Amino acid sequence: MATKTTTKKAAAPKSNTPSVEFTLFAPEAATVFLVGDFNGWDPAASPMRRFKDGTFKKSLKLKGGRHEYLFLVDGQWWNDPANGNRAANPYGGENSVIEA
């Protein structure tokens, strides 16, 4: 009688990095991108998903610590209106700040 041997791959370890959900209510906007130090300030790296009610959302796993970010709304830079934590940026404006 033949014996069948199977090898099972070990499951990849789950990340302990918490997911952070960013939300912006912008019902008139066509496109919104989440841009920050966590994605190299790349405007195309994190497009946000639009919901029927005009809310845009994006969840990201962020390393612990302080992160600065902005929303790029139809080509215009916006602070997060739901987050009053700000830091001056080198362009004369402010970035929103989150602690993960």
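Position 1 is the first residue of the sequence, and the numbers go up from there. Worth saying up front: this structure is predicted, and the values here are computed from it rather than measured.
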For Glu21, enumerate each residue passing the side-chain contact (heavy atoms from CB on, under 4.5 Å) test, keeping only those at least two apart in sequence or located in another chain. Thr23, Lys57, Ser59
Heavy-atom neighbours of Glu99 CD exceed 12 at 6.0 Å: yes
Contact check, side chains of Leu62 and Ser19, non-hydrogen atoms, under 4.5 Å: no
Taking the side chain as every heavy atom from C-beta outward, state whether Leu70 and Asn79 have any atom pair closer than 4.5 Å. yes
Tabulate below the donor-acceptor pairs under 3.5 Å that side-chain atoms of residues 71-78 make, not counting sequence neighbours, or state none.
from	atom 1	to	atom 2	distance (Å)
Asp74	OD1	Ala30	N	3.0
Asp74	OD1	Thr31	N	2.9
Asp74	OD1	Thr31	OG1	3.4
Asp74	OD2	Ala30	N	3.1

Which heavy atom in Arg50 sits nearest to a heavy atom in Ala29, and how many Å separate them? NE-O, 3.4 Å
Quick check: closest heavy atoms across Asp53 and Phe25, and the distance to 0.1 Å? O-CE1, 3.0 Å
Checking Leu60 against Val20 for the side chain to side chain contact (heavy atoms under 4.5 Å, CB included) test, could you report, in this order, the C-alpha distance in whole Å, the side-chain angles of both residues, the deciding distance, and whether it holds? CA-CA 5 Å; Leu60 293 177; Val20 177; 5.7 Å; no
With a cutoff of under 4.5 Å between side-chain heavy atoms, which Ile, Leu, Val, Met, Phe, Trp and Tyr residues group with Phe51? none
Would you mind writing out the side-chain donor-acceptor pairs for residues 35-48 within the sub-3.5 Å range, not counting sequence neighbours?
from	atom 1	to	atom 2	distance (Å)
Asp37	OD1	His67	ND1	3.2
Asp37	OD2	Glu68	N	3.0
Asn39	OD1	Gly36	N	3.0
Asn39	OD1	Trp41	N	3.3
Asn39	ND2	Leu34	O	3.0
Asn39	ND2	Ser46	OG	3.1
Asp42	OD1	Ala44	N	3.0

Asp80: which residues meet the side chain to side chain donor-acceptor pair (under 3.5 Å) condition with it, sequence neighbours left out? Tyr69
